[in-house]
Q: 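Take this structure, written in structure tokens, and hold onto it; I'll ask about it next.
These numbers were taken from a predicted model, which means no experiment stands behind them.
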Amino acid sequence: MPSAKILEQKQQLVNELAEQIKNAKSGVIVDYCGITVEKDTALRAELRKSGVDYKVIKNTYIRKAAEIAGIEGFDPYLEGMTAFAISNDDPLAPAKILCKFADENETFKIKVGMMDGAVMNESEIKELAKIPSKEILIGKILGSIQSPLYGLAYVLQAKIDKDGGVEEAPAAE
């Protein structure tokens with residue numbers, strides 16, 4: 001039987017994870033089995049750079065933390081070697097980085113994810129990863145707003161150039 005001190009440490013870890021899950025914009029659970037230390041280190045560096053917290057966590061801890069956080073639907077996916085990537089800033093970052101990594105490494109698998117408290121399956125996470133970044137979407141919107149205005153400006157400029165400027169008023173007699 002574990003000591004009271006060890007049980008307290010485990011409970012604290014589960015509570016911290018539950019708090020992270022509650023505050024997260026998104027998270028992705030993966031099966032990291034079969035990747036090399038080099039690849040894992042590179043993945044962790046890329047996730048860290050994007051502000052994503054990535055940890056290898058026992059399935060029972062994730063199960064209990066999700067229960068505390070009010071997230072249901074992780075249980076069928078909590079088997080084998082599990083890592084959890086959580087983002088508090090960019091909701092697309094974990095999905096984008098981990099899906100790209102999974103495409104490059106066939107033993108690395110996306111299990112399940114969550115966004116704003118809703119559980120998402122693997123295919124939904126892959127669709128989420130295809131969404132362009134916020135900056136690209138803003139650029140596209142601005143481009144679509146500017147395009148008609150530029151067209152109008154070109155037409156007006158062509159009219160001015162054709163007529164040679166301002167038309168002269170007829171002379172008064």
Q: Any side-chain donor paired with an acceptor under 3.5 Å for Q20 and E16?
A: no
Q: List the atom of G80, the atom of N59, and the distance in Å for their closest heavy-atom pair.
A: O-ND2, 3.1 Å
Q: For the residue pair D161 and Q157, confirm or rule out a side-chain donor-acceptor distance under 3.5 Å.
A: yes
Q: Between E127 and K130, does any NZ, NE, NH1 or NH2 come within less than 4.0 Å of an OD or OE carboxylate oxygen?
A: yes
Q: Quick check: closest heavy atoms across S26 and D90, and the distance to 0.1 Å?
A: OG-O, 4.0 Å
Q: Are the side chain of K111 and the backbone of E79 linked by a donor-acceptor contact shorter than 3.5 Å?
A: yes
Q: Suppose the criterion is ring-ring contact (aromatic ring centres under 6.0 Å, His included): which pairs have a residue in residues 16-46, not counting sequence neighbours?
A: none
Q: Within a radius of less than 6.0 Å around CD of Q9, do more than 12 heavy atoms belonging to other residues, nucleotides or ligands occur?
A: yes
Q: So with a 6.0 Å cut-off around CD of E106, is the heavy-atom count from everything else above 12?
A: no
Q: Establish, from distance only, whether the side-chain atoms of T107 and N105 form a donor-acceptor pair under 3.5 Å.
A: no
Q: Indicate the atoms forming the closest heavy-atom contact of V119 with G73, along with that distance.
A: CG1-O, 4.2 Å
Q: S87 and P94: which non-hydrogen atoms are nearest, and at how many Å?
A: CB-CG, 3.6 Å
Q: Can you tell me which residue pairs pass the ring-ring contact (aromatic ring centres under 6.0 Å, His included) test with a partner in residues 38-67, sequence neighbours excluded?
A: none
Q: Just verifying a value: how many Å separate L78 CG and I62 CD1, rounded to the nearest 0.5 Å?
A: 5.5 Å
Q: Enter the distance from K55:NZ to L47:CG here, rounded to the nearest 0.5 Å.
A: 13.0 Å
Q: Going by salt bridge (Lys or Arg N to Asp or Glu O under 4.0 Å), name the pairs with one or both residues in residues 23-43, residues two or more places apart or in two chains.
A: D40-R44
Q: Nearest 0.5 angstrom please: L17 CG to D53 CG, how far?
A: 9.0 Å
Q: Could you go through E122 and K126, starting from their C-alpha distance and side-chain angles, then the distance that decides it, and tell me whether this counts as salt bridge (charged side-chain N to carboxylate O under 4.0 Å, His left out)?
A: CA-CA 6 Å; E122 179 185 1; K126 288 183 177 182; 3.1 Å; yes
Q: When rounded to the nearest 0.5 angstrom, what distance separates NZ in K10 from NZ in K64?
A: 8.0 Å
Q: For the atom pair SG (C99) and CD1 (I110), what is the distance rounded to the nearest 0.5 Å?
A: 4.5 Å
Q: At their closest point, which heavy atom of A69 faces which heavy atom of I21, and how far apart are they?
A: CB-CG2, 3.7 Å
Q: Looking at every non-hydrogen atom in both residues, tell me the closest pair between F108 and A102 and how far apart they are.
A: O-CB, 3.6 Å
